[in-house]
Amino acid sequence: MRSSEGPAPFEQVVRQHGPRVLSVCRGLVDAADVDDAWSETFVAALRAWPDLPTDLDVEAWLVTVARRKCIDVHRARARRATDPVAELPERATSAAEQGDAGIWRHVAALPDKQRHVITYRYLGGLSYAQIVDLVGGSPAAARRAASDGLKTLRDKEIR
């Protein structure tokens with residue numbers, strides 16, 4: 001929620017909600033596109049920030065913006081021609097990215113609905129009612145998709 005005394009400084013919003021938005025982006029786009037989706041989310045948020053209502057649920061709004069920016073990244077990637085290269089450039093990865101690589105690979109392999117519901121619920125912190133607004137269906141169907149996706153992730157983790 002935003003303060004009724006006025007908007008929070010945007011830098012504070014980025015610090016507070018940046019990790020959650022990053023998690024959502026990691027769940028929805030390829031690793032190479034995560035930084036772009038995260039940045040685009042906060043560029044769009046900054047543009048809209050002065051005009052937002054004071055009673056806005058900022059976190060839920062940012063997750064929705066991140067979702068839309070991830071869709072834009074997918075569309076842009078589909079339009080881009082890809083030329084094969086002999087060698088991929090080196091990319092520095094943090095220890096957290098290296099340790100989380102396995103789980104992100106398994107999340108990325110889930111069917112779209114399960115992946116989206118799990119991302120919005122557990123990484124985005126949205127309620128099932130809010131998730132239904134994003135993916136459609138019913139809260140019961142969203143719960144089932146999350147349950148099925150989590151079962152698949154648990155099964156892969158055991159093996």
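Keep in mind that what you see is a predicted model, and the values were worked out from it rather than measured.
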Please report the interatomic distance CG(Asp133) to OG1(Thr64), rounded to the nearest 0.5 Å.
8.5 Å
Does the pair Arg115/Asp112 count as a salt bridge with the N-to-O cut at 4.0 Å?
yes
If you round to the nearest 0.5 Å, how far is NZ of Lys69 from CG of Asp36?
12.0 Å
So Trp61 and Trp49, would you call those rings parallel, tilted or perpendicular, with 30° and 60° as cut-offs?
tilted
Lys/Arg-Asp/Glu bridge criterion (N-O < 4.0 Å) met for Arg68, Asp72:
no
Please name all residues satisfying side chain to side chain donor-acceptor pair (under 3.5 Å) with Gln130, sequence neighbours left out, ordered by chain then number.
Ser127
My understanding is that only residues two or more places apart in sequence, or in another chain, count here; which of them pass side chain to side chain contact (heavy atoms under 4.5 Å, CB included) with Val34?
Leu22, Cys25, Arg26, Val29
Any chance you could measure Asp155, atom CG, to Leu150, atom CG, to the nearest 0.5 Å?
11.0 Å
Separation of Glu11 CD from Gln16 CD (nearest 0.5 Å)
13.0 Å
For the atom pair CD (Gln114) and OG (Ser147), what is the distance rounded to the nearest 0.5 Å?
9.0 Å
With heavy-atom distances below 4.5 Å as the criterion, would you say the side chains of Arg67 and Ile71 are in contact?
yes
Side-chain heavy atoms nearer than 4.5 Å, only ILVMFWY residues, links allowed to pass through others: does that put Val73 and Val43 together?
no
Grab the two heavy atoms, one from Leu153 and one from Val107, that are nearest each other, plus how far apart they are.
CD2-N, 3.9 Å
Quick check: closest heavy atoms across Ala142 and Ile131, and the distance to 0.1 Å?
CB-CG2, 4.4 Å
Within this structure, what is the CZ-CG distance for the pair Arg144 and Asp148, rounded to the nearest 0.5 Å?
4.0 Å
Leu62 side chain near Phe42 side chain, heavy-atom distance below 4.5 Å:
yes
Closest approach of Ala66 and Val21, non-hydrogen atoms and distance?
CB-CG1, 4.0 Å
Can you establish whether the number of heavy atoms outside Arg20 located under 6.0 Å from its atom CZ is more than 12?
yes
Does some side-chain heavy atom of Val132 sit less than 4.5 Å from a side-chain heavy atom of Tyr120?
no
Do Val24 and Thr41 touch side chain to side chain, with heavy atoms closer than 4.5 Å?
no
Go through the structure and list residues passing side chain to side chain donor-acceptor pair (under 3.5 Å) with Arg121, not counting sequence neighbours.
none
